[in-house]
Structure formats: structure tokens, C-alpha cells
Amino acid sequence: MRDAAAPCEAATTGTDRAVCLSLVTVVPLMEGFPPRSSWAVLARSVAHPDVVTSVRPLKPPLRWIDELGQAIDRMARRTDFGGGPGPGRVGALAVAGAVEQHLGSVRMAADVIIDEGDGCPAAWRKNFVLITRLHIALLAMTVDD
């Protein structure tokens, strides 16, 4: 995932911020696809159950890429991209490519809010639960000042 983070880091160049991108947890999808469990149960299977505070399914599933890209562009405080896609979109596409190279096509996705308490101070945080045909993964991106 390190190579996929490079475009995200480029999006924040000049903003004095550090980008951390990771697949925090990847577990096999034991119940087959599509999963029969609720989104809350699925999210808690890849994050500590006590810290998942909200799960918002994303439809269509590839919407997570757009949301990640838009969040990066907002966080980088850039608005003029010369008519092309912003650096956040480019970074999000690179992340999606890396995830799918390792896990397969993302077939379901959700935006997840995780209450880290004081254990993970970050200026900005974005978490996604990604479901492929065989895996459930928690993708986390944090940005520190």
C-alpha cells in the first residue's frame, strides 16, 4: 500500500501534513458473498466492536473512491485543478488499484466512523469497510499536522 499512498502524499504537498494509509484488518468473508450480516456486524468484524460508532453503506460500491478523493482534496485545501481531476481523485484511484490488486474487486463498501478516543490523535481520519468476493477489509487513512 506504500506505493498507493504516494499520490495522496502528493495531494498534501506544501500543507505540512503526514499521510498514513493502511489496510488495518483483512479477514476472510466466512459466510460467502453476498454477506448476510448487517453492516454494523461486518464493520465490527474488522474493527474493535466498541469503537464503531456509525456505518453508512455506499452505493454504488465504487463511490468510496470518489468520497476518498473528495475528502483528500478538501483536506489539502485545494480547489483549482485546471479542469482535470484533483490530486485526491488521482490518489484515490491509486489506492483503489492497490486494494483490488491484493484483495480483488470491491463489491460493497461503507463509510465507517470509528471512535479512537485519545489513542489515535489525527487532524483528519477516514475509514472504509471494503468487501470483495472473499474478504472484508478496513481501510484507514489518517492525516496529521
Side-chain angles (χ1 to χ4, degrees), residues 1-12 15 17-81 84-145:
M1 293 296 295
R2 180 71 190 139
D3 292 337
C8 297
E9 290 171 347
T12 60
T15 62
R17 297 179 179 203
V19 176
C20 177
L21 177 70
S22 63
L23 280 171
V24 177
T25 308
V26 177
V27 298
L29 184 59
M30 300 303 283
E31 59 188 56
F33 188 87
R36 293 164 207 39
S37 299
S38 69
W39 271 108
V41 169
L42 294 168
R44 289 181 177 107
S45 73
V46 290
H48 192 280
D50 297 336
V51 299
V52 175
T53 60
S54 169
V55 181
R56 181 177 54 95
L58 300 173
K59 294 185 182 182
L62 295 179
R63 187 167 149 204
W64 73 274
I65 300 168
D66 293 332
E67 289 202 13
L68 180 60
Q70 291 167 7
I72 294 167
D73 286 339
R74 279 193 309 274
M75 181 273 314
R77 296 184 189 104
R78 296 186 178 173
T79 56
D80 181 20
F81 305 118
R89 173 73 177 163
V90 173
L93 286 170
V95 169
V99 167
E100 292 193 346
Q101 179 181 358
H102 292 291
L103 303 177
S105 296
V106 173
R107 297 175 177 269
M108 298 171 69
D111 182 15
V112 179
I113 297 176
I114 296 175
D115 180 8
E116 298 286 347
D118 294 341
C120 184
W124 177 81
R125 181 178 309 131
K126 191 77 171 168
N127 300 291
F128 294 99
V129 170
L130 306 175
I131 299 176
T132 67
R133 185 171 290 284
L134 301 173
H135 299 94
I136 303 172
L138 177 63
L139 175 70
M141 184 171 185
T142 57
V143 178
D144 293 316
D145 289 330

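Each residue takes its place number in the sequence, starting with 1.
Applying the side-chain contact (heavy atoms from CB on, under 4.5 Å) test to Ser105 and every residue at least two apart in sequence or in another chain returns Glu100.
Arg89 places a side-chain heavy atom less than 4.5 Å from the side chain of Asp66. Residues Val129 and Met108 fail the side-chain proximity criterion, which asks for heavy atoms closer than 4.5 Å. Between Val112 and Val46 the shortest side-chain heavy-atom distance does not fall below 4.5 Å. In this structure the side chain of Leu29 never reaches within 4.5 angstrom of the side chain of Thr132, judged on heavy atoms.
Smallest separation of non-hydrogen atoms from Ala110 and Pro57: CB-CA, 3.9 Å. In terms of heavy atoms, Ala109 sits closest to Pro61 at CB-O, 3.5 Å. Residues Val55 and Ala40 approach most closely at CG2-CA, 4.2 Å, considering heavy atoms. Across all non-hydrogen atoms, the minimal contact from Ala140 to Asn127 is CB-OD1, 3.3 Å. Considering every non-hydrogen atom in both Thr142 and Arg125, the closest pair reads CG2-CG, 4.1 Å. Of all non-hydrogen atoms in Phe128 and Glu67, the two that sit nearest each other are CZ-CB, 4.3 Å.
Considering CD1 of Ile131 and CG of Leu103, their distance stands at 12.0 Å, rounded to 0.5 Å. Taken to the nearest 0.5 Å, the CH2 atom of Trp39 stands 11.5 Å off from the CZ atom of Arg56. To the nearest 0.5 Å, atoms CG (Leu138) and CZ (Arg44) are separated by 13.0 Å. The NE2 atom of His135 lies 12.5 Å from the CG atom of Leu130; values are rounded to the nearest 0.5 Å. Taking CD1 from Ile136 and CG from Leu42, the interatomic distance works out to 4.5 Å, rounded to the nearest 0.5 Å.
Screening Val24, Val95, Val106 for a side chain to side chain contact (heavy atoms under 4.5 Å, CB included) involving Leu139 leaves a single residue, Val95.
Here the side chain of Glu31 pairs a donor or acceptor atom with the backbone of Ser37 at under 3.5 angstrom.
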